[in-house]
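Chain letters run A, B, ... following the sequence lines, proteins first, then strands; residues in each count from 1.
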Amino acid sequence: MGLKEKLIRKGKYIWELPKETIEGQRVPVILYLSDALFELLEEDALRQAANAATLPGVEKAIYVMPDVHVGYGFPVGGVMATNTETGIISPGSIGYDINCGVRLIATNLKAVDVAPRIKEIMNNMLKNVPAGVGSTSEIKLSKSQMKEVLVKGAGWAVEHGFGFPEDLQHIEGFGALPNADPEKASHEAYERGSDELGTVGSGNHFVEVQAVEQIYEPEIAEKLGIWEGQVMVMVHSGSRGFGHQVCTDYLRVALKVRDKYKIKLPDPQLACMPFNSPEGQAYFKAMNAAANYAFANRQILGFKAANTVRKTLGISWEEFGYRLIYDHAHNIGKVEKHEVDGKKVEVIVHRKGATRAFPPYNPEVPPAYREVGQPVIIPGDMGRASFLLVGQTNSMKMSFGTACHGAGRVMSRRQAKKYVKEVGLEKVIGNLVVVARGKGTIMEEIPQAYKDVTEVVRVIDELGIAKAVARLKPLGTLKG
DNA sequence: ATGTAC
């Protein structure tokens with residue numbers, strides 16, 4: 001009998017795997033799924049969440065978002081909070097792509113004016129924005145410049161002419177997380193990171209020109225300065241080879257110290273270290289450095305993408321109306337205080353394929369958004385909708401202040417390619433303008449390979465974790 | 001996600 005049969009329905013969209021279902025399981029696993037998404041839940045993803053619930057110092061529950069799928073050790077769409085005094089930190093539960101995240105830039109432009117020129121815009125995007133596996137940047141960083149990037153994050157990019165000082169007010173952690181120590185990253189990480197700053201990467205990463213297709217909450221939309229027919233620029237990328245190397249290095253460290261700290265691992269991919277140990281702290285500081293690299297990366301990418309649109313149209317920045325709505329991580333570990341059994345507890349919240357979604361009046365929400373809540377950007381798969389939400393109060397009670405992150409795969413890359421070859425690419429992606437170095441990524445990233453992001457967002461919205469404000473549709477996409 | 005297997 002699989003674990004899926006042992007799930008107990010607690011509500012329309014709430015399922016629970018009670019604690020002690022598997023040996024050593026300290027806390028329940030709570031899943032947020034509609035009937036349709038429940039059908040797509042993989043046994044292995046549930047098993048990974050249950051495994052994590054056995055780790056030392058895990059608090060309250062492991063939460064699983066509606067876009068869940070199997071990941072390395074811990075599912076994508078998983079949330080785990082561990083006590084900072086008694087708990088562990090787990091690199092696999094944050095993910096290989098540290099601070100993979102999303103950025104949304106608003107403009108004053110109308111989609112009706114931009115759409116006729118989208119091919120020209122996207123062809124310039126392909127020339128100006130490096131994308132694809134192993135692509136490199138024209139920015140070459142010395143070791144000392146790298147160290148600055150790892151501490152200053154997006155601020156470093158602004159200092160070097162990529163974007164505007166106001167941007168920093170609208171980034172999670174102001175684009176530079178504290179506790180970043182460049183000395184805790186390896187030589188290999190530096191090597192890989194030195195020529196990848198300002199590059200998109202591959203897989204589901206993209207730079208997209210979008211239009212606001214529908215507003216669900218007019219009052220909130222007005223406060224955020226968004227309107228139907230408005231052109232937006234969205235960036236989805238992370239810390240590239242640098243973050244990947246940090247994860248690789250510290251997974252190795254974690255396996256090495258597993259006996260020293262007597263940690264019982266149900267799966268070696270969950271290798272972890274006590275948060276309050278030299279090894280745990282070293283990973284935490286290297287992870288924050290990688291997060292800052294990613295913030296700098298998206299700062300550069302967003303500015304370059306916006307500038308490409310602006311220059312193609314031959315307009316000034318004033319006419320363009322560049323304004324950063326928000327930028328946040330969806331693969332990260334954050335030290336936060338949360339209520340557990342009526343008491344405030346300091347935890348490290350592992351969010352893997354999961355987005356912070358703080359409610360209105362939380363001090364971490366920028367002043368401009370204080371009354372509406374933290375913007376939550378949910379990128380769709382290529383060709384389908386993306387969404388803008390705002391965090392709501394239930395997130396603090398239901399998921400350590402966390403919402404979903406996107407669609408989540410249902411078709412493997414191989415399956416997707418086969419499907420495209422059978423059906424034909426034109427039929428699969430319709431009128432969308434997609435540019436990429438090779439056709440491989442486009443075939444792997446077709447919308448049909450993903451769960452329906454609309455359904456995922458509906459669950460989060462109806463649970464009161466985050467409120468859907470607007471739907472965005474792609475006009476043109478740059479893939480890796 | 002990723003110098004797509006060290």
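- Side-chain N/O atoms of A/R240 include one lying less than 4.0 angstrom from OP1 or OP2 on B/dT2.
- With the nearest nucleotide of DNA chain B identified for both A/D97 and A/R252, A/D97 has the one nearer the 5' end.
- Here A/S202 lies in heavy-atom contact (under 4.0 Å) with sugar-phosphate atoms only.
- Distance A/Y190 OH to B/dG3 P: 18 Å, rounded to the nearest Å.
- At a threshold of 4.0 angstrom between heavy atoms, the contacts of A/G238 with the nucleic acid are absent.
- Between A/Y96 atom OH and B/dG3 atom P the separation is 12 Å, expressed in whole Å.
- The distance between atom CZ of A/F242 and atom C1' of B/dG3, rounded to the nearest whole Å, is 16 Å.
- Atom CG in A/N331 sits roughly 11 Å away from atom P in B/dT2 (whole-Å rounding).
- Across all strands, A/G243 comes closer than 4.0 Å to no nucleic acid atom at all (heavy-atom distances).
- Using a 3.5 Å distance cut-off with no hydrogens or angles, the side chains of A/R26 and A/T54 do not pair a donor with an acceptor.
- Under 4.0 Å is where a charged nitrogen must lie from a carboxylate oxygen, and between A/K256 and A/E279 no such pair does.
- If you measure from atom CG of A/L251 to atom P of B/dT2, you get 16 Å, rounded to the nearest angstrom.
- Note on A/E196: only backbone sugar-phosphate atoms sit closer than 4.0 angstrom, heavy atoms only; bases stay farther off.
- Between A/H330 and A/H405, the ring planes are perpendicular. Angles over 60° get that label, and only those under 30° would be called parallel.
- With rounding to whole Å, A/Q245 atom CD is found 10 Å from B/dC6 atom P.
- Looking at A/R471 and A/E213, a side-chain N of the basic residue comes within less than 4.0 Å of a carboxylate O on the acidic one, giving a salt bridge.
- Rounded to an integer number of Å, the gap from CD of A/E188 to C1' of B/dG3 is 13 Å.
- A straight line from OH of A/Y72 to C1' of B/dA5 spans 13 Å, rounded to a whole angstrom.
- Between the side chains of A/T402 and A/S399, no donor-acceptor pair is found at a separation under 3.5 Å.
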